[in-house]
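The structure appears right after this line, and notes come after that.
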Amino acid sequence: MPFIDSKITVPVTEKEKEKIKAELGKAITTLHKTETYLMVGIEDKYDLWLAGKKLEKGAYVSVSLYGSAAPEDYDKLTAQICDLYAKELGIPGDAIYVSYHPVSDWGWNGSNF
Ligand SMILES: O=C(O)c1cc2cc(O)c(O)cc2[nH]1
């Protein structure tokens, strides 16, 4: 049950959101998860500052997952997310933070796994 939540400084069109959602659905297999239970959140036009400077193009991406994955898998997914946001939105990798949140207690449909 992964959740990829992105806060993005630039406006994102519905078409771009659909594309990003679809690509994240493929990329999540890097953490040995499938799109079946993937939740995606995209918040655009979000104010972000990095090192005291407002980012014109920047993103904060939080990846939560039930259980955990290997550090090399997290590293690979970070590269995939940065590539995706560079290609789709022109956001440079040095203006993107990606954080990982392995969770042992995850609820769905009225109970916990
Ligand atoms: O994301 C997982 O690790 C995950 C999703 C999911 C769904 C499900 O119905 C299960 O029985 C296990 C499970 N793990």
Side-chain angles (χ1 to χ4, degrees):
M1 345 278 315
F3 175 40
I4 303 180
D5 192 21
S6 299
K7 298 177 188 304
I8 299 168
T9 60
V10 296
V12 184
T13 66
E14 286 305 309
K15 194 174 172 190
E16 289 168 335
K17 286 180 185 176
E18 285 291 328
K19 174 76 173 170
I20 288 166
K21 178 267 299 175
E23 292 301 319
L24 291 176
K26 295 178 200 165
I28 199 63
T29 58
T30 298
L31 300 190
H32 313 287
K33 307 282 184 180
T34 71
E35 190 181 20
T36 307
Y37 289 98
L38 173 65
M39 184 176 281
V40 171
I42 297 174
E43 189 170 5
D44 66 351
K45 296 181 272 181
Y46 189 88
D47 290 339
L48 288 171
W49 288 260
L50 179 59
K53 290 185 183 157
K54 191 162 187 183
L55 292 173
E56 186 199 332
K57 283 178 175 275
Y60 171 69
V61 183
S62 167
V63 180
S64 301
L65 70 158
Y66 176 49
S68 61
E72 54 268 31
D73 295 331
Y74 294 140
D75 197 45
K76 191 175 168 199
L77 184 57
T78 294
Q80 291 172 306
I81 289 170
C82 289
D83 286 350
L84 174 63
Y85 284 4
K87 188 176 166 203
E88 291 303 319
L89 304 173
I91 300 174
D94 65 1
I96 302 175
Y97 276 173
V98 185
S99 64
Y100 292 90
H101 309 274
V103 175
S104 57
D105 300 293
W106 196 293
W108 174 66
N109 198 19
S111 62
N112 285 10
F113 284 95

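Ligands are counted one by one from 1 in listed order, and the atoms in each one are counted from 1 as well. Both backbone and side-chain heavy atoms feed into the values below; hydrogens, waters and symmetry mates do not.
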May I have all residue pairs that pass side chain to side chain donor-acceptor pair (under 3.5 Å) and include part of residues 81-94, sequence neighbours excluded?
Ser6-Tyr85
Between ligand 1 and the protein, tabulate every N or O atom pair separated by less than 3.5 Å, reporting distance only.
| from | atom 1 | to | atom 2 | distance (Å) |
| --- | --- | --- | --- | --- |
| ligand 1 | 1 (O) | Met1 | N | 1.8 |
| ligand 1 | 1 (O) | Lys33 | NZ | 3.4 |
| ligand 1 | 3 (O) | Lys33 | NZ | 2.5 |
| ligand 1 | 9 (O) | Tyr37 | OH | 3.2 |

For residues 48-64, please give each side-chain donor-acceptor pair under 3.5 Å, one per line with the distance, not counting sequence neighbours.
| from | atom 1 | to | atom 2 | distance (Å) |
| --- | --- | --- | --- | --- |
| Lys54 | NZ | Asp47 | OD1 | 3.3 |
| Lys57 | NZ | Leu89 | O | 2.9 |
| Tyr60 | OH | Ser99 | OG | 2.6 |
| Ser62 | OG | His101 | NE2 | 3.3 |

What are the two closest non-hydrogen atoms of Pro102 and Gly67, and how far apart are they?
CB-O, 3.1 Å
Which pairs count as ring pair (Phe, Tyr, Trp, His ring centres under 6.0 Å) when at least one residue sits in residues 19-39, sequence neighbours excluded?
Tyr37-Trp108
Could you grab the distance from atom CG of Asp73 to atom NZ of Lys33, nearest 0.5 Å is fine?
11.0 Å
Do you know which two heavy atoms are closest between Trp106 and Met1, and how far apart they sit?
CZ2-O, 2.7 Å
